[in-house]
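Computed over heavy atoms, backbone and side chain alike; hydrogens, waters and symmetry mates excluded. Just so we're clear, the structure is a prediction, and the values are computed from it rather than from any experiment. Letters go in sequence order (proteins before strands), and every chain restarts at 1.
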Amino acid sequence: MDAVTGRELLDDFKWRGLLAQSTDEDALIASLDAGPVSVYIGFDPTAPSLHIGHLVVLLALRRFQLAGHRPIALVGGATGLVGDPSGRNSERILNDEEVISGWVTGIRSQLEAFLVFDDSANSAVMANNLDWTRSLTALELLRDIGKHFSVNQMLNKDSVATRLNGGGISYTEFSYQVLQAMDFLELFRREGCTLQMGGSDQWGNITAGLDLIRRVEQGSAHALTMNLLMKSDGTKFGKSAGGAVWLDPKMTSPYAFYQYWFNCEDADVIAYLKFFSFANHATIDDLAVQVLEHPAKRAAQRFLAREMTTLVHGAEECERVELAAAALFGLGDLSQVAETTLAGALLQVPRATIARSMELPGLIELLAATGVVESKSAARRTIREGGAYLNNVKVTDEAFVPTRGDLLHDRFLVLRRGKRDIAAIEVS
RNA sequence: GGCGGGUUGCCCGAGCGGCCAAUGGGAGCGGACUGUAAAUCCGCCGGCUUACGCCUUCCAAGGUUCGAAUCCUUGACCCGCCA
């Protein structure tokens, strides 16, 4: 582990396509080789959970820890209240303080799962920038910090410049870079942190911190940014039909999470593996060959889905989800699937329950009840288009009503919309 | 502060007072072809007890009219020019 040199670490980042920009590379490598570097990345609470878009930089923190460095995960309890203008062309809507502090708690525990906290020299550290901004007065901010910032430079930052040419920017968001620069300075002082990483849109905010450290402490620190992942067709990564793919199992089920990765296109899967996987170069190169030679086997997709699901949800959950997929997609005839297997599989997909005492409703009702379609109109449409299945058998009659005889093991109905959207009805 | 322009469905964007649930593009969804892939072709794309029927939509609230996304008034927000 300690055998990983700064050069090797950066070369790996380059090979993976992660490295976007860094401050002087030789100096950065020299500092990495001089001993464990304390490196930080900030995560603002903009939602109740992190999503897979956050994973790239979060895993970078983990890569640094594996290489012997000391990761600091910072939750933006303060910056989240203000709103980062980077990468946005319109002002954010401010959320209530209580809401944000709830998000901070959730995100904090998510971050902890990816890093190692122990007694070692490179144990991870959690920080919250609210700790050093809460008691800061406006006058202190203006006199002690603000004096070191040139508005001319602030206006030149990409995040601000684009907004000045477009939808405008509030003083609140304009000040964001000051807060983030303060964070870097604060961590430099408290934790000896000399490296900040982030997505490529964070370059301006990070360098603002470098300047501040130089001016106030005459210190030197480094910046490293990572590429934002794009799909091969140029669309944004990480969105599925239901919106973002979340790490919180209550927001994106482990089953859906696995399926997201598993369904990734051939043209993207190797880039994803490089971005997200901890597999070594030889393994990934080998998977690339397999995609070319036996694309239908989806070896790379399966590898990726398995690694990501295990990482985020654990090995046991991953296995359950894989068994579910095998049961639901494997055999044409669902009645051949054993009851316990089927019951376990259906636990993973969206489902609705109806009382045994009730008459079975029509297929339209059932589809809508599980949420695989948004409305009864949509359910009708799906049936009309030939995209509705009951127990893997296509149903084309809009008025179709299942009977008791359709129940698998006397309790389940497996509904499907299109090729891969599966849901379940349980009679109990 | 003054003058002018704007606010349309997930996004961009058209829209003559009736023929507007609203052109077009993108995204999304279904089908065919495949491999739970891509590309391509076809179809769908507000809701409802599927109804050439009804209901809720075109920033908000009022108004004019037999009838308004389209006209008027007020308000909110955005953009531009001038001070």
Side-chain angles (χ1 to χ4, degrees), chain A residues 88-94 162-170 173 230-245 253 255-273 287-288 290-306 309 321-332 334 345 348-349 359 361-390 392-401 414-423:
Chain A
R88 304 188 108 242
N89 49 26
S90 64
E91 192 82 8
R92 286 173 192 273
I93 294 168
L94 291 178
T162 38
R163 288 280 287 278
L164 288 176
N165 295 327
I169 186 168
S170 67
E173 288 195 9
M230 286 307 233
K231 296 195 357 181
S232 57
D233 59 10
T235 58
K236 211 169 174 187
F237 162 81
K239 301 283 180 192
S240 73
V245 178
S253 74
Y255 172 83
F257 185 87
Y258 182 95
Q259 289 292 318
Y260 177 82
W261 297 105
F262 187 78
N263 281 312
C264 115
E265 304 161 19
D266 293 359
D268 290 322
V269 68
I270 297 304
Y272 287 11
L273 278 168
L287 286 166
Q290 292 194 52
V291 171
L292 284 175
E293 292 180 353
H294 311 287
K297 288 191 175 162
R298 309 178 144 245
Q301 279 91 339
R302 185 166 283 114
F303 186 97
L304 177 68
R306 182 174 293 167
T309 309
V321 159
E322 285 195 308
L323 287 172
L328 298 172
F329 288 108
L331 290 152
L334 284 169
Q348 308 296 331
V349 301
E359 287 288 304
L363 186 60
I364 288 169
E365 302 267 342
L366 293 172
L367 284 167
T370 58
V372 278
V373 294
E374 306 72 41
S375 66
K376 290 182 200 171
S377 291
R380 258 179 243 284
R381 218 178 283 136
T382 300
I383 296 173
R384 207 179 303 144
E385 289 169 338
Y389 300 79
L390 174 69
N392 273 359
V393 179
K394 183 182 284 195
V395 177
T396 50
D397 176 13
E398 287 182 37
F400 183 81
V401 180
V414 176
L415 306 178
R416 195 170 101 221
R417 177 206 197 184
K419 267 182 274 196
R420 42 193 193 199
D421 237 345
I422 293 175

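Phosphate contact (OP1/OP2 of G31(B), side-chain N/O of Tyr389(A), threshold under 4.0 Å): present. For Lys419(A) and G35(B), the shortest distance from a side-chain N or O to OP1 or OP2 is not below 4.0 Å. Phosphate contact (OP1/OP2 of U49(B), side-chain N/O of Arg380(A), threshold under 4.0 Å): present.
Here Lys376(A) lies in heavy-atom contact (under 4.0 Å) with sugar-phosphate atoms only. The residue Arg381(A) sits close only to the backbone: its heavy atoms come under 4.0 Å of sugar-phosphate atoms, none of a base. At a threshold of 4.0 angstrom between heavy atoms, the contacts of Ala388(A) with the nucleic acid are absent. Counting non-hydrogen atoms under 4.0 angstrom, Arg384(A) reaches a base of the nucleic acid.
Proximity note for Arg420(A) (side chain, C-beta onward) versus U36(B), G35(B), G31(B): the nearest is U36(B).
Rounded to the nearest Å, the gap between the P atom of U65(B) and that of G47(B) is 35 Å. Only the C1' atoms considered, C58(B) is 10 Å distant from U70(B), to the nearest whole Å. With both ends at atom P, the span from C11(B) to C16(B) equals 22 Å, rounded to whole Å.
Between the side chain of Gln259(A) and the base of U36(B), at least one donor-acceptor pair of N or O atoms lies under 3.5 Å.
By the 5.5 Å and 30° criteria, Phe262(A) is not stacked with the base of U36(B).
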